[in-house]
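The block underneath contains the structure these notes are about, expressed in structure tokens.
Chain identifiers are assigned alphabetically (A, B, ...) following the order of the sequence lines, protein sequences preceding nucleic acid strands; residue numbering begins at 1 within each chain.
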Amino acid sequence: MALAKITSVTGRAVNVPGNDIDTDRIIPARFMKCVTFDGLGEFLFFDVRKQLDGTEKPHPLNEPRFKGATILLSGANFGCGSSREHAPQAIAKYGFKAVIAENFAEIFFGNSTTLGMPCVTASREDITKIAAFTEANPQGEVVIDLVKLEVRFGAHAVKIAQRESARDALVNGRWDAIGELIDGLPAVKITAAKLPYLVA
Amino acid sequence: MPKNLFQKVWDAHTVRQLANGQTQLLIGTHLIHEVTSPQAFGMVRDLGLKVAFPHRTFATVDHIVPTDQFIEPYADPLAQAMMDELRKNCAQFGITFFDRATGKQGIVHIVGPEQGITQPGTTIACGDSHTSTHGAFGAIAFGIGTSQVRDVLATQTMALGELKVRRIEVNGKLRPGVYAKDVILHIIRMLGVNGGTGFAYEYAGSTFDGFSMEERMTVCNMSIEGGARVGYVNPDETTFAYLKGRPYAPKSTNWDAAVSHWKSFASDPGAAYADVVKINAADIAPTVTWGINPGQGISISENIPSPETATSADDKAGIIEALAYMKLPAGAPIKGTKINVAFLGSCTNGRLSDFQEVAKYIKGRKVAPGIKAIAVPGSQIVALQCEKLGLDKILAEAGFEWRAAGCSMCLAMNPDKLIGDQLCASSSNRNFKGRQGSTTGRTILMSPVMVAAAAVTGQIADAREVFSVTQN
Ligand code: SF4
């Protein structure tokens, strides 16, 4: 399976501030009654975006000037909670291509990487700068450079970080491991044969 | 060189290094349920792949099952569709399915141990973050996303980076009225909801040595709420005694060999850890949450935090947000907060000993007027065990509705939901906004006996006072 080499993501950004934004917030459990991920995008952040009657609440994603943004900005411990891949899937299906946050919950980070959606970390201060730029220029272009590990916007550039195994997988087109795992199947059988509970 | 259990299990299951530096890790046991598996089976089909080790894959249905309707089709057509999909997938790929008709259905993290599938020194994965529960047996158990469910179905392996290991030692005797649930709520409060990111937690010390398997499971279950993907307890005689005679445990002819093999995985004396945290059991009090994540907890005798006591700007914003959502007054005692619903159940506290402990205290008492109280056994087998002991009757006489096995109001994907901004005293593991099925519903996490105390008084109460607890 040839996968795209994701060396950078370019697009407009939108800031959804807050720490500990959990997976129940990203995609409420009632929308997980599905057998495919298609259509999850419209339910992204549903309960913070919509009233019970379906009308919109004030939320960055509801603001027309941020429509079409492909980079999501947020705070610390983004994606904590459940292992549900419905969360990164909803973000990706909504149209986001990358997330910048102070840090990420472990499982969310791994799930996102496997979808080819880079999650990069930046300091609170730098995220605030990017957010201020987007606030002033909602149409302004933001570039996440996974090679130089920086984000460029307007005349500025700030440092970002990403776990090396994930960065390597993204820039080399190996972010979905399935091909490599299948190649390893003969070796899997050998390892399994050494474990009594798998032999019995 | 002395090694800890995590390293030993990791080494024994390492297939090879992958190009990006991660490890291709063999997953000995794959558990699946209806919510996170259908998309993965779809991906396996789309790629023209097969299930590599169908005999090492076990399915159950837990999240969407109604607890008051037994006959299909279910009232919710979406729930029925998920049920049908799982049945179809298991049949097509030759996977054992603990369907309701088998009498063995239940929450995936209760079924695995109960069947003896969960064993020491093994690797386990499930598309569910509370898979860490199985670590109670000295297994390394990972919660995974759906793409990884696909990977495990297709190859019985996944790509992973090694975790650091933090040893959390709790020593001494818990005070009367303090339970395993309080231990883990205390740990999460102390280390934070993301304090465990990048770590596996090894729980040890004399408190854990004295714990039953069910108590160990309660603690390991909530590792993920502290950010740790994996949590485990080293296997010992308590572990082996629990497993003996279970359907999938080794048979008597292989038993001794299995036990010595299992023992070999326990952490060596002198093994290295990334860090060690020590806790005195006597310092732990009955703990309840007041906010919107499991780290926002206080002891029952403390006051609800106020923004002024915040230690940082972030902390302050967190307190303001949580209090606004919870509609709780800053600085007031948590004790006395009126509740609307009491929920006993979930993979954290839906086992026999949880209901036994509640029954012991609630016998002869009544749920306060106007409180909706439900008790949901974690599996059909737990239900049967309780019914044999008459615990269902005791709970029903007290005013709890005795339901059928499932996740129920832990995340309310089935019809059991909070309504409006109802406040629920809950023995489950998550108090996130909207978690229990209403976008404004409120959750206070606590031990089952504390739920019982809240149910009979209609408010958050100290179970030690309500039930005159003097000894455990
Ligand atoms: S009981 Fe709750 S936490 Fe446990 S598996 Fe079910 S939904 Fe998840």
Side-chain angles (χ1 to χ4, degrees), chain A residues 1 18-20 22-25 28-30 32-37 46-48 52 75-77 80-86 88-89 103-108 110-111 114-115 163-166 168-169 172 174 176-178 180-182 184-185 187-188 190-192 194-198 200, chain B residues 12-16 18-22 24 26 28 35-36 38-39 42 47 52 56 64 78-79 81-82 85 119 122 127-129 143-148 150-151 154-159 161 193-194 197-198 227 229 250 254 258 261 293 314 318 411-413 430 432-435 437 439:
Chain A
M1 281 195 312
N19 294 333
D20 303 314
D22 61 69
T23 49
D24 280 80
R25 197 105 48 97
R30 63 183 184 281
M32 288 164 52
K33 281 189 216 157
C34 54
V35 293
T36 78
F37 288 129
F46 195 86
D47 290 341
V48 277
L52 287 177
N77 201 25
C80 62
S82 139
S83 61
R84 62 183 72 153
E85 191 165 309
H86 303 67
Q89 288 278 4
N103 48 59
F104 294 90
E106 192 95 7
I107 302 180
F108 178 90
N111 285 342
T114 305
L115 299 182
R163 189 181 305 159
E164 183 49 29
S165 59
D168 175 87
N172 290 305
R174 289 196 289 260
D176 187 338
I178 186 75
E180 228 185 325
L181 294 177
I182 290 171
L185 268 175
V188 173
I190 295 169
T191 309
K194 289 186 227 153
L195 292 162
Y197 75 107
L198 299 181
Chain B
H13 290 79
T14 292
V15 175
R16 58 182 193 144
L18 298 172
N20 68 355
Q22 288 189 305
Q24 179 167 13
L26 178 62
V35 181
T36 52
Q39 302 85 354
L47 293 168
R56 293 307 310 169
I64 54 97
L78 290 172
M82 295 172 83
E85 188 75 14
Q119 294 178 13
T122 63
D128 195 283
S129 50
I144 58 178
T146 293
S147 295
Q148 285 176 310
R150 171 205 63 184
D151 295 349
T155 70
Q156 203 67 19
T157 65
M158 56 188 199
V193 285
N194 55 5
T197 304
R229 194 168 183 185
N254 299 326
H261 180 65
N293 72 53
D314 263 7
L411 97 165
M413 274 185 82
R430 281 194 177 143
F432 297 155
K433 290 181 178 176
R435 171 74 177 182
T439 56

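- Of the two parts of Leu52(A), only the side chain, counted from C-beta on, holds a non-hydrogen atom closer than 4.5 Å to a non-hydrogen atom of chain B.
- Between Ala12(B) and Thr191(A), the closest heavy-atom pair is O-CG2, 3.7 Å.
- Contacts between Ala105(A) and chain B at a heavy-atom distance below 4.5 Å are absent for every atom of the residue.
- Between the side chains of Ser147(B) and Glu85(A), a donor-acceptor pair is found at a separation under 3.5 Å.
- Considering only heavy-atom pairs separated by less than 4.5 Å from chain B, the leading option among Met32(A), Arg30(A), Glu164(A) is Met32(A).
- Separation of atoms CG (Asn20(B)) and CZ (Arg174(A)) is listed at 6.0 Å; rounding is to 0.5 Å.
- For Asn103(A), the part lying near chain B is the side chain, with the backbone staying farther off; criterion is any non-hydrogen pair under 4.5 Å.
- In this structure, chain A has heavy atoms under 4.5 Å from both the backbone and the side chain of Arg435(B).
- Residues Pro38(B) and Cys34(A) come closest through the heavy atom pair CG-O, 4.1 Å.
- Interface residue Leu411(B): backbone and side-chain heavy atoms are both found under 4.5 Å from chain A.
- In terms of the ring pair (Phe, Tyr, Trp, His ring centres under 6.0 Å) criterion, Phe432(B) has no residue partners (sequence neighbours excluded).
- Across Asp24(A), Val35(A), Asp168(A), the residue that shares the most heavy-atom pairs under 4.5 angstrom with chain B is Val35(A).
- With chain B as partner, the option from Pro28(A), Gly75(A), Ala29(A) having the largest number of non-hydrogen pairs under 4.5 angstrom is Ala29(A).
- Ser82(A) is linked by a side chain to side chain donor-acceptor pair (under 3.5 Å) to Arg84(A), counting only residues two or more places apart in sequence or in another chain.
- Residue Phe46(A) does not touch chain B at all, counting heavy-atom pairs closer than 4.5 Å.
- Nearest heavy-atom pair across Phe104(A) and Thr197(B) is O-CG2, 4.2 Å.
- Across Gln22(B), Gln39(B), Lys433(B), Met82(B), the residue that shares the most heavy-atom pairs under 4.5 angstrom with chain A is Gln39(B).
- With a 4.5 Å cut-off on non-hydrogen atoms, Ser165(A) touches chain B through its backbone and its side chain both.
- Between the CG atom of Leu198(A) and the NE2 atom of His13(B) there is a distance of 6.0 Å, given to the nearest 0.5 Å.
- A donor-acceptor pair shorter than 3.5 Å cannot be found between the side chains of Asp22(A) and Asn293(B).
- Atom OG1 of Thr146(B) is separated from atom CG of Leu115(A) by 9.5 Å, given to the nearest 0.5 angstrom.
- Comparing Asn111(A), Asn77(A), Asp47(A) by heavy-atom pairs within less than 4.5 Å of chain B, the highest count is held by Asn77(A).
- Highest contact tally toward chain B, considering only Glu106(A), Lys194(A), Arg163(A), is held by Glu106(A) [criterion: heavy-atom pairs under 4.5 Å].
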